[in-house]
J.: 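Have a look at this one before I ask anything.
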Amino acid sequence: MARYSKVLIQLVTIFLFTGRAASSFGAVETFTNPVISNGADPWIIYREGYYYLTYTTGSNVQIHRATRLTGTNGIGQAGVIAAFYPPAPFNQDIWAPELHFLRGKTYLYYAADDGNNADHRMFAAESDTTGPMFTFVAKGKVYDPTTDHWAIDGTVLEATNGSLYFIWSGWPGTQDGLQNLYIAPMSDPLTISGPRVLLATPDQPWESWIEEGPEVLQRDGVVFVVYAANLSWTDNECLGMLVNRDGNYLNPASWTKSSSPVFATVTSTNGSVYGPGHCGFTKSLNGTEDWIFYHAAKYSGAGWNRNIRMQSYSWTTNGYPNFGQPVPAGLALPIPSGDAFTPARFDTIAPQSDGAIRLVVSAPLPLLTNQWRLEYSGDLDQWITATNVPGAQFSINFVDGPSASNRFYRVESFR
């Protein structure tokens with residue numbers, strides 16, 4: 001779709017105005033949850049103009065890609081751009097995949113078993129490319145060889161100094177009945193290089209006997225691990241949170257646990273949300289808003305019949321994430337900031353001493369485009385291309401000749 005920014009220049013006085021698509025005017029654009037009608041364990045990440053999303057399918061790992069979060073071309077409607085099929089025998093019950101960009105490559109982490117749940121372990125696959133397309137090669141199990149026990153929901157904490165840590169949900173021994181969170185150092189994205197450390201154990205009534213789905217948030221030097229607690233097949237599933245302020249990630253005493261759920265089932269006159277759980281985090285396209293993706297039960301008692309939702313969250317004055325309450329399905333929410341088209345910006349429009357016009361124009365967002373075109377017109381009817389600029393981002397310093405008086409200018413892009 002073509003999008004325009006226009007500026008009117010006349011002899012001495014310069015008038016600046018911006019043209020947008022009709023949808024940009026009037027009421028605020030909105031969306032409703034769920035954004036994916038069937039699914040669980042969402043993971044989302046943004047890189048170089050694209051959002052990438054994956055979630056549990058059970059039989060493989062599918063990667064979806066989009067340039068915005070909502071709408072008909074948003075991430076919830078995006079098709080599969082890459083699929084990875086783990087090799088036998090650990091190619092069944094594939095859960096909670098994640099995609100990470102680490103040390104110049106792309107890694108998939110996923111849990112899988114051989115048909116026996118007790119054999120669930122964490123595995124990885126690697127792609128030499130960092131997008132927008134991927135070809136993954138299986139790289140085997142990611143584990144602590146000293147305690148090779150049941151493991152699911154693995155994620156990577158990349159510290160600000162580049163150090164890597166693997167965090168996952170596992171059994172303390174060989175028997176089901178208690179799911180703890182563990183952490184271990186990594187020498188590289190495929191190798192655990194030290195013994196696992198017990199990060200947290202379900203010791204609160206609201207956790208029951210399960211802690212799983214750990215996800216990392218970092219802000220201002222503080223690391224948060226937001227995890228799913230309680231029984232995932234019930235309405236009691238919720239999110240808890242661990243906080244680390246000193247960077248000593250392998251010391252359990254350096255972590256504090258929230259005293260109550262930070263995101264939980266809600267019932268209200270506007271609707272209800274049951275069992276909000278395993279989540280992922282991203283930012284709006286212009287980087288000004290924080291968003292949580294999570295799964296929830298489709299209705300009370302739905303068990304593992306779940307869908308995927310998203311909503312914004314804020315931060316408290318003491319620097320903690322405030323997720324609020326899950327918003328019921330069907331209620332209109334404002335789209336993420338930047339999801340609506342934002343036109344190119346004319347930063348400078350300066351008449352030159354020889355009668356020429358200098359224009360400095362930039363695009364405020366990394367939109368996916370085939371090209372940008374700076375065009376001019378004398379009558380707003382016939383437009384002539386002054387210059388083409390390819391790529392997803394746009395910046396140009398252009399001088400139009402002395403004949404530029406009384407011209408209209410616009411930037412055209414395709415998204």
Side-chain angles (χ1 to χ4, degrees), residues 31-45 51-64 66 69-70 74-78 80 93-99 109-111 120 152-155 168-169 179 181 206-208 210-217 225-241 261-267 271-282 290-313 321 323-331 333 336:
F31 76 98
T32 59
N33 279 311
V35 291
I36 298 175
S37 58
N38 293 286
D41 311 323
W43 166 264
I44 189 164
I45 192 169
Y51 291 101
Y52 298 94
L53 172 75
T54 186
Y55 53 90
T56 294
T57 67
S59 59
N60 63 5
V61 180
Q62 298 180 356
I63 306 298
H64 304 258
L69 291 173
T70 59
I75 195 65
Q77 305 294 320
V80 177
D93 301 320
I94 300 165
W95 297 346
E98 296 189 4
L99 183 147
Y109 299 97
Y110 60 94
H120 253 117
I152 65 168
D153 295 354
T155 194
W168 70 98
S169 176
Q179 283 181 232
L181 294 183
W206 51 269
E207 294 177 302
S208 186
I210 293 177
E211 292 180 347
E212 59 187 9
E215 300 299 348
V216 175
L217 268 179
V225 172
V226 181
Y227 62 94
N230 215 300
L231 314 180
S232 62
W233 57 93
T234 73
D235 297 349
N236 296 321
E237 186 176 27
C238 58
L239 296 181
M241 187 169 70
V262 295
F263 205 58
T265 291
V266 61
T267 58
S272 301
V273 179
Y274 300 99
H278 198 140
C279 64
F281 303 101
T282 192
D290 293 286
W291 287 75
I292 180 173
F293 276 64
Y294 64 96
H295 70 225
K298 293 182 180 179
Y299 49 87
S300 179
W304 284 320
N305 187 9
R306 297 172 288 189
N307 52 36
I308 294 173
R309 310 173 184 211
M310 57 177 276
Q311 63 187 71
S312 63
Y313 65 93
F323 301 114
Q325 293 182 332
V327 177
L331 294 185
L333 297 171

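No hydrogens, no waters, no symmetry mates; every other heavy atom, side chains included, goes into these values.
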J.: Which pair of heavy atoms, one from N307 and one from S37, lies closest together, and at what distance?
T.: CB-O, 3.2 Å
J.: Taking the side chain as every heavy atom from C-beta outward, state whether V266 and S272 have any atom pair closer than 4.5 Å.
T.: no
J.: Measuring from atom CD1 of I94 to atom OG of S59, what distance do you get when rounded to the nearest 0.5 angstrom?
T.: 6.0 Å
J.: Answer yes or no: is there a side-chain heavy-atom contact under 4.5 Å between F293 and C279?
T.: no
J.: Looking just at side-chain N and O atoms, do T155 and E98 make a donor-acceptor pair shorter than 3.5 Å?
T.: yes
J.: List the steps, then state whether side chain to side chain contact (heavy atoms under 4.5 Å, CB included) holds for W95 with T57.
T.: CA-CA 7 Å; W95 297 346; T57 67; over 6 Å; no
J.: After noting the C-alpha distance and the side-chain angles of I292 and F323, does the key distance pass the side chain to side chain contact (heavy atoms under 4.5 Å, CB included) rule?
T.: CA-CA 8 Å; I292 180 173; F323 301 114; 4.0 Å; yes
J.: Is the shortest heavy-atom distance from the side chain of I44 to the side chain of T54 under 4.5 Å?
T.: no
J.: Check the orientation of W233 and W304. Use parallel for under 30°, tilted for 30 to 60°, and perpendicular for over 60°.
T.: perpendicular
J.: Which heavy atom in V273 sits nearest to a heavy atom in A296, and how many Å separate them?
T.: CG1-CB, 3.8 Å
J.: Aromatic contact between F263 and Y294, with the criterion being ring centroids under 6.0 Å apart: yes or no?
T.: yes
J.: Just checking, any donor-acceptor pair under 3.5 angstrom between side chains of K298 and N305?
T.: yes
J.: If you compare all heavy atoms of G330 against all heavy atoms of T32, which two are closest, and at what distance to 0.1 Å?
T.: O-CG2, 3.6 Å
J.: Any side-chain heavy-atom pair from T56 and P97 closer than 4.5 angstrom?
T.: yes
J.: Using salt bridge (charged side-chain N to carboxylate O under 4.0 Å, His left out) as the criterion, list what pairs up with D235, not counting sequence neighbours.
T.: none
J.: Give, for atom OG1 of T282 and atom CG of D290, the distance between the pair rounded to the nearest 0.5 Å.
T.: 9.0 Å
J.: Kindly determine whether M241 and V225 satisfy side chain to side chain contact (heavy atoms under 4.5 Å, CB included), including the steps that lead there.
T.: CA-CA 6 Å; M241 187 169 70; V225 172; over 6 Å; no
J.: Rounded to the nearest 0.5 Å, how far apart are CZ of R306 and CD1 of I36?
T.: 13.5 Å
J.: Quick one: CG on D153 to OH on Y110, what's the gap to the nearest 0.5 Å?
T.: 14.5 Å
J.: What I want to check is whether the side chains of S232 and E237 have a donor and an acceptor closer together than 3.5 Å.
T.: no
J.: Mind checking whether H278 and W43 have ring centres under 6.0 Å apart?
T.: no
J.: Do the side chain of T234 and the main chain of N236 share a donor and acceptor less than 3.5 angstrom apart?
T.: yes
J.: From I308 CD1 over to N38 CG, what is the distance, rounded to the nearest 0.5 angstrom?
T.: 9.0 Å
J.: When rounded to the nearest 0.5 angstrom, what is the spacing between CG in D93 and CD1 in I152?
T.: 11.0 Å
J.: Could you walk me through whether F281 and I45 satisfy the side chain to side chain contact (heavy atoms under 4.5 Å, CB included) test, starting with their C-alpha distance in whole Å, then the side-chain angles of each, then the deciding distance to 0.1 Å, before giving a yes or no?
T.: CA-CA 7 Å; F281 303 101; I45 192 169; over 6 Å; no
J.: Ignoring hydrogens, what is the shortest heavy-atom contact between P326 and Q311? Give both atom names and the distance.
T.: CA-OE1, 3.3 Å
J.: Do E212 and Q179 have side-chain N/O donor and acceptor atoms under 3.5 Å apart?
T.: yes
J.: Y55 vs H295, test: ring pair (Phe, Tyr, Trp, His ring centres under 6.0 Å). Steps then yes/no.
T.: CA-CA 10 Å; Y55 53 90; H295 70 225; over 10 Å; no
J.: Shortest non-hydrogen contact from R309 to N33?
T.: CA-OD1, 3.3 Å
J.: Might you point out which heavy atoms bring G74 and A66 nearest each other, and give the distance in Å?
T.: C-CB, 3.7 Å
J.: Can you tell me if Q325 uses its side chain to pair, donor with acceptor, with the backbone of T265 under 3.5 Å?
T.: no
